[in-house]
Amino acid sequence: MKKKFYITTSIAYTNAPPHIGFALELVQADILARYHRILGEDVFFLTGTDEHGQKVVKAAEDAKKSPQEFVDVLSSRFKKLVEVLNLSNDGFIRTTDKKRHWPTVQKIWSKLEEGGDIYIKKYKGFYCFGCEAFIREKDLANGECPVHQTRPELIEEKNYFFRLSRYAKQVKEEIEANKIKVVPGARKNEILSFIEQGIEDISFSRPRKKVQWGIPVLSYIPKVGGIKSTTYVWVDALVNYISGLGGLSFISGVKNKYWPPDVQCIGKDILKFHALIWPAILIAAGLERPKNILVHGFITSGGQKMSKSLGNVIDPFELVKKYGTDAVRYFLLREIPPTEDGDFTYEKFKQRYNADLANGIGNLLARTLTMAEKYWLGIVPKIPQNTPETLSLGKFVTSGWVGNFQESIKEELIKSISSTENFSFNNSLFSVITSVFICDGYIEHHKLYKPAEKLGNKKEKIDAVLYNVLEGIRHIAWILLPFLPETANKIFEQLGLDPEKEKEKTFDETTKWGGLKPGTKFKKSKPLFPKI
RNA sequence: CGCGGGGUAGAGCAGCAGUAGCUCGUCUGGCUCAUAACCAGGAGGUCGUGUGGUGCAAAUCCCACCCCCGCAACCA
């Protein structure tokens, strides 16, 4: 049976249009999804939108729309983003989906109730309407909300509570033992120390009277003082990972082949929800926990937080429109460290694009195919006999490279793959660029651009060099498949290969030297990445 | 003393005890197949501070201090 691989992104909150940060998360998840498909696994890749809660209601009011109209528009914008980034997701879940999502949430709720993990408690706290949240007494400044400088109201509510305290210890143990692996380690420590500080039960509902835009609680526990409730937005949101798999049958014991998630991609701001509350819910509901939680950082814009008032918000649509999907994917993966904050500026984007894509990958393909056209009539030469001499990397040997062309390329491929498995996408792409360097250096060392006669070389020798460079490019294209799908396709096409067939190759098949058949006609086309 | 991360060439980072390294940028040379590209070489750093501690040896371990940045506060 095929190995399964279930990967999720967090679901985007629909109170504002998408920005570049969410694009980062989508792209990271997409690399993993595509990579695991290449490995031949049965992949399910889920993303979606989180559409309930007071902030949405407020945003809708400001836009003079009903909440439903409002989220419909925003959700479709997120869906559009998923398309323009060329994501390979299998599902897109919306929390306003009353058919798939609502019953799943209610089902989970009842599982928790059955286990005795839901109870009713009177809650008293200071509520700041500016924050739309309760503020702990110790955070008040002179009795005022530190952010809004207003006096919060003392509110008393009866709500349903979840016995989070009951599960904190187990969650902690699972994270410590890497049964739930939180990546990077710094985030793991962060959540562990947070749990160590003591965990209290948390409110899992708000009175219906106050919060209508959400999923109603269907409880068999008597309504608290006759007050109907709405499910806490985070419970609602987290359950998307279950409802997005299509059905809820497996909650009742029927196995779903994709459960549990293999990787859940999230931002550092929502670590607590995913590494504490979510696993606790799953334990309580008798479901397996996610295997990996991959926590990315934030993207700053010119070193500052993106904000409307600063006017430095980066619109992912605009970027894609200007530079193309693959260029945007490339920047996000190469320039932004996968689990740390990164910075976006147009200057950096341009530098990265020109150096790696235009002068690197694009130029290598262009120069090679031009030589092939000029001296080989655009046809792959007969598979030549390689000698240590034709495989030599010359000066590279002294720079510490393995002195053999084929081995060096293969070594970078292996490095790239192992980086991907460790979620080090930037290093994966660094290995790709290193491969480009190797090809360029190899061309130089063997003076591939000098016609054979002029050099007094034997024809076969220079044939071997060209052939090797072409094979190097083919390897590069293959490793680029998950990262830059369009580009990889274009490279295959220009090499005269069928992209569909190449995609199906395994690592072992691809790295077998000789994938390009002699006599194949190249289809040189326009530059992959015009310089900007 | 809240918890955590970090301060290494102009920028971004790696190294975490044993001749300071990578990418980008910059300068010089080479080459001409290429998207003014590519290749080679150079310049550029007393590795936050302390004439601090431990070691034969410290970016690397310990101590003190300074500075940034996260989390704590539902923006990915």
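Source: prediction; values computed, not measured. Residue numbers begin at 1 in each chain, while the letters A, B, ... track the order of the sequences.
Rounded to whole Å, the separation between the C1' atoms of B:A76 and B:G10 comes to 31 Å. B:C27 and B:C67 are spaced 33 Å apart, taking the C1' atom of each and rounding to whole Å. Distance check on atom P: B:C38 versus B:C56 gives 50 Å, rounded to whole Å. For the P atom pair drawn from B:C13 and B:A57, the interatomic distance equals 33 Å after rounding to whole Å. Comparing B:C16 with B:C3, their C1' atoms are spaced 23 Å from each other, to the whole Å. With P as the reference atom, B:C33 and B:G44 are 36 Å apart, rounded to whole Å. Straight-line distance between the P atoms of B:C63 and B:C69: roughly 25 Å, to the nearest whole Å. Across the P atoms, B:A20 and B:U60 are found 13 Å apart, a figure rounded to whole Å.
Taking the six-membered ring for Trp and the full ring otherwise, the centers of A:Tyr160 and A:Trp109 sit less than 6.0 Å from each other.
Residues A:Phe529 and A:Ala358 come closest through the heavy atom pair O-CB, 3.3 Å.
For the pair A:Lys350 and A:Phe331, the cation-pi test (distance below 6.0 Å, angle within 45°) is failed.
Each of B:C33, B:A76, B:U35 was ranked by its minimum atom distance to the side chain of A:Leu528; first place goes to B:U35. Side-chain proximity of A:Lys55 to B:U35, B:C74, B:A11: nearest is B:C74. Among B:C33, B:U35, B:C74, the nucleotide with an atom closest to any side-chain atom of A:Lys531 is B:U35. Comparing B:A76, B:C38, B:U32 against the side chain of A:Glu444 picks out B:C38 as the nearest. Between B:U32, B:G12, B:C3, one nucleotide has an atom nearer to the side chain of A:Lys348 than all others, and that is B:G12.
Stem regions for RNA chain B, each three or more consecutive Watson-Crick or G-U pairs with both distances under 3.5 Å and listed by first number, read B:2-7 with B:66-71, B:10-13 with B:21-24, B:26-30 with B:38-42, B:48-50 with B:63-65.
Salt-bridge annotation for A:Asp341 and A:Lys268: present, with a side-chain N of the basic residue lying under 4.0 Å from a carboxylate O of the acidic one.
Backbone-only engagement by A:Tyr13 is indicated by non-hydrogen atom pairs under 4.0 Å involving sugar-phosphate atoms exclusively. At the heavy-atom level, A:Lys374 lies under 4.0 Å from the strands shown only through sugar-phosphate atoms. Counting non-hydrogen atoms under 4.0 angstrom, A:Ile443 reaches nothing in the nucleic acid. At a threshold of 4.0 angstrom between heavy atoms, the contacts of A:Phe194 with the nucleic acid are absent. Residue contacts shown for A:Gly297 include a base, since a base heavy atom lies under 4.0 Å away. Within 4.0 Å of A:Gly21, counting heavy atoms only, lies at least one base atom of the nucleic acid.
Atom NZ in A:Lys490 sits about 16 Å away from atom P in B:U35, given to the nearest Å. With rounding to whole Å, A:Leu357 atom CG is found 12 Å from B:C38 atom P. Rounded to whole Å, the distance from OH on A:Tyr449 to P on B:C39 is 11 Å. Look at CG on A:Leu81: it is 12 Å from P on B:A76, rounded to the nearest Å. Summarising the geometry, the separation between CD1 on A:Ile491 and P on B:U35 is reported as 16 Å, rounded to the nearest angstrom. Put simply, CD1 on A:Ile299 is 15 Å from C1' on B:G12, counting in whole angstrom units. For the pair A:Asn363 CG and B:U35 C1', the computed distance is 6 Å after rounding to whole Å. Rounding to whole angstrom units, CZ of residue A:Arg367 and P of B:C31 are separated by 15 Å.
Residues A:Ser431 and A:Ser416 bring no donor and acceptor atom of their side chains to less than 3.5 Å of each other.
Taking side-chain N and O atoms only, A:Lys272 has no distance below 4.0 Å to OP1 or OP2 of B:C74. For A:His19 and B:A76, the shortest distance from a side-chain N or O to OP1 or OP2 is below 4.0 Å.
Rounded to the nearest 0.5 Å, atoms CZ (A:Arg187) and NE2 (A:His274) are 14.5 Å apart. In this structure, the separation between CD on A:Glu471 and NE2 on A:His475 is 6.0 Å, given to the nearest 0.5 Å.
A:Ile215 places none of its side-chain heavy atoms less than 4.5 Å from the side chain of A:Thr95.
With its glycosidic angle more than 90° from 0, B:A11 is assigned anti. B:G7: glycosidic angle beyond 90° from 0, hence anti.
For A:Ser203, the side chain to side chain contact (heavy atoms under 4.5 Å, CB included) partners at least two apart in sequence or on another chain are A:Asn159, A:Phe161.
Using cut-offs of 30° and 60° for the angle between ring planes, the A:Phe483 and A:Phe425 rings count as perpendicular.
Between A:Ala358 and A:Ile266, the residue anchored nearer the 5' end of RNA chain B, judged by the nucleotide with its closest heavy atom, is A:Ala358.
None of A:Tyr232, A:Phe194, A:Tyr241, A:Trp234 except one satisfies the ring-ring contact (aromatic ring centres under 6.0 Å, His included) rule with A:Phe273; the exception is A:Trp234.
The closest donor-acceptor contact from the side chain of A:Glu25 to the backbone of A:Ser10 lies under 3.5 Å.
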Inset, instruction - Classify every nucleotide of nucleotides 20-26 of chain B by which part a protein heavy atom approaches to under 4.0 Å, writing B for the base, S for the sugar-phosphate alone and - for neither, in 5'-to-3' order. - result: --SSS--
